[in-house]
Amino acid sequence: MKRYFFNTTNQDQEPQFPQQHQEVPEETAMTPAEARGQPPLSAVVEAFEDLAKGLKCVRDGDLEELRLDTFCDACSLVSVLFSCLGLAFRFAESEYVAKVCNLVDASKRHNSLKNVLDLDVENGTVRTPGSHSRNLRRVRQGLDLIRALFEQFVSTDDYSLKDAATTAYSQVCAPFHTWAVRTAVYAGMYTLPSRDQLLIRLNETDQSAGKKMRRYINASLPVIKYIDNLYISRNISLDW
């Protein structure tokens, strides 16, 4: 597996950082999936399946850890899924992209997710707005929001995207948002595309999307659990 893990005994070795995060003018910017003619959902699924496979070998205290730069590579692909949801999730998309960009910048100085969290624990800045650990927590919520949305979407062919998104948001994000934010988000649910419109934006059929959404659900769960355990193992609660 390339770039997903590194030996902690070689901390002084310069990691190979991804080049795809360089800014591209908006009018010419393409996602890696688009550049390859690949549906965006396929790229997301493949990236998280790679992360999930590697995480089976990762244990606290072992020689291998999850690389921050490669985690960012996978997370950056998810932003297109928020974009496909339209205006209703524009706030979530903007926040998610900003947090991922912050972690991309952090990956130039820190090798792993553990390194980022340990530094903030040492400085007492885990929950400080703008800290890498707080941004990691928000990115994790974004991944979980997509997971919950997909779970609702594939639960039945008759489930509308509005109902699926409302349930997913209520489960994952609403408990941590203010009343004003929750009100705005729920009001925006009425602007969501239809189920068929979403499939067109994803360049998928109902059948192909369902298979890939289930794959993302299965692949993202161990990644989300891994991030949660980083906080829990350091006696940091998850109620924020």
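Heavy-atom basis, side chains included; hydrogens, waters and symmetry copies ignored.
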Check your understanding: Yes or no on side-chain contact (heavy atoms from CB on, under 4.5 Å) for Leu198 and Phe153, after CA distance, side-chain angles and deciding distance?
Key -> CA-CA 11 Å; Leu198 177 63; Phe153 190 89; 4.0 Å; yes

Verdict with reasoning, Phe48 to Leu221, per side-chain contact (heavy atoms from CB on, under 4.5 Å): CA-CA 10 Å; Phe48 277 86; Leu221 280 173; over 6 Å; no

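Ring geometry, Phe82 versus Tyr96: the interplanar angle falls from 30° to 60°, so the pair is classed tilted. Taking the six-membered ring where tryptophan is involved, the planes of Tyr231 and Trp240 are perpendicular, since the angle between them exceeds 60° and thus also 30°.
Salt-bridge formation is detected for the pair Arg147/Glu151: a Lys NZ or Arg NE/NH1/NH2 atom is positioned less than 4.0 Å from an Asp or Glu carboxylate oxygen. A salt bridge is defined here as a Lys NZ or Arg NE, NH1 or NH2 lying under 4.0 Å from an Asp or Glu carboxylate O, and Glu95 with Arg138 fails to meet this definition. Look at Arg234 and Asp118 and you find a salt bridge, because one of the NZ, NE, NH1 or NH2 atoms lies within 4.0 Å of a carboxylate O, short of that distance. Asp228 has a carboxylate O that lies under 4.0 Å from a charged side-chain N of Arg137, or vice versa, which qualifies the two as a salt bridge. Salt-bridge check for Lys108 with Asp69: failed, with every basic side-chain N at 4.0 Å or more from each acidic carboxylate O.
In terms of modelled atom types and a separation under 3.5 Å, the side chain of Asn218 and the main chain of Arg215 share no donor-acceptor contact. At distances below 3.5 Å, at least one donor-acceptor pair connects side-chain atoms of Ser131 with backbone N or O atoms of Arg134.
A donor-acceptor contact closer than 3.5 angstrom is absent between the side chains of Ser170 and Thr167. For the residue pair Thr125 and Asn123, no side-chain donor N or O sits within less than 3.5 Å of a side-chain acceptor on the partner. Residues Thr70 and Asp73 bring no donor and acceptor atom of their side chains to less than 3.5 Å of each other.
Taking each heavy atom of Thr166 and Met189 in turn, the nearest pair found is OG1-CG, 3.6 Å. Residue Cys72 comes nearest to Val100 through the heavy atom pair O-CG1, 4.3 Å, listed as atom of the first residue, atom of the second, then distance. The minimum heavy-atom distance linking Asp239 with Ser237 is given by the pair OD1-OG, 2.6 Å. Taking all atoms of both residues into account, the shortest heavy-atom contact from Leu77 to Ala43 is CD1-O, 3.6 Å. Glu93 and Ser83 make their closest contact through OE2-CB, 3.5 Å (heavy atoms, listed as atom of the first residue, atom of the second, distance). Of all non-hydrogen atoms in Gly86 and Arg201, the two that sit nearest each other are N-NH1, 3.9 Å.
Side-chain contact check for Phe89 versus Leu81: every heavy-atom pair is 4.5 Å or farther apart. The shortest side-chain heavy-atom distance between Val181 and Thr178 falls under the 4.5 Å cut-off. Side-chain contact check for Arg67 versus Ser112: every heavy-atom pair is 4.5 Å or farther apart. By the 4.5 Å heavy-atom criterion applied to side chains, Leu85 and Leu149 are counted as neighbours. The shortest side-chain heavy-atom distance between Leu136 and Ile227 falls under the 4.5 Å cut-off. Contact annotation: the side chain of Ile236 approaches that of Leu117 to within less than 4.5 Å [non-hydrogen atoms, C-beta and beyond]. Looking at heavy atoms from C-beta onward, Ser160 lies out of side-chain contact with Gln152 at the 4.5 angstrom threshold. In this structure, Ser42 and Glu204 have side chains that are in contact, with non-hydrogen atoms separated by less than 4.5 Å.
With values rounded to the nearest 0.5 angstrom, Cys75 atom SG is found 14.0 Å from Lys99 atom NZ. Put simply, CG on Leu161 and CZ on Arg195 are 8.5 Å apart, with the number rounded to the nearest 0.5 Å. Atom CG in Leu113 sits 10.5 Å away from atom OG in Ser107 (nearest 0.5 Å). Atom CD1 in Ile232 sits 4.5 Å away from atom CG in Leu238 (nearest 0.5 Å). Between the OG atom in Ser76 and the CG atom in Leu103 there is a gap of 11.5 Å [rounded to 0.5 Å]. Atom CG in Leu192 sits 12.0 Å away from atom SG in Cys84 (nearest 0.5 Å).
Val116 and Leu119 are members of different hydrophobic clusters when ILVMFWY side chains are connected at heavy-atom separations under 4.5 Å. Hydrophobic clustering keeps Leu143 apart from Phe176 (ILVMFWY residues linked when any side-chain heavy atoms are closer than 4.5 Å, directly or through intermediates). Cluster annotation: Leu87 and Leu145 are assigned to distinct hydrophobic clusters (Ile/Leu/Val/Met/Phe/Trp/Tyr, side-chain heavy-atom contacts under 4.5 Å, transitive). Two different hydrophobic clusters hold Val80 and Ile200 under the rule that ILVMFWY side chains link at heavy-atom gaps under 4.5 Å.
A side-chain hydrogen bond (donor to acceptor under 3.5 Å, both in side chains) with His132 is found for exactly one of Asn102, Asp105, Asp120, namely Asn102.
Checked against the 6.0 Å centroid criterion, the rings of Tyr169 and Tyr186 qualify as a close aromatic pair.
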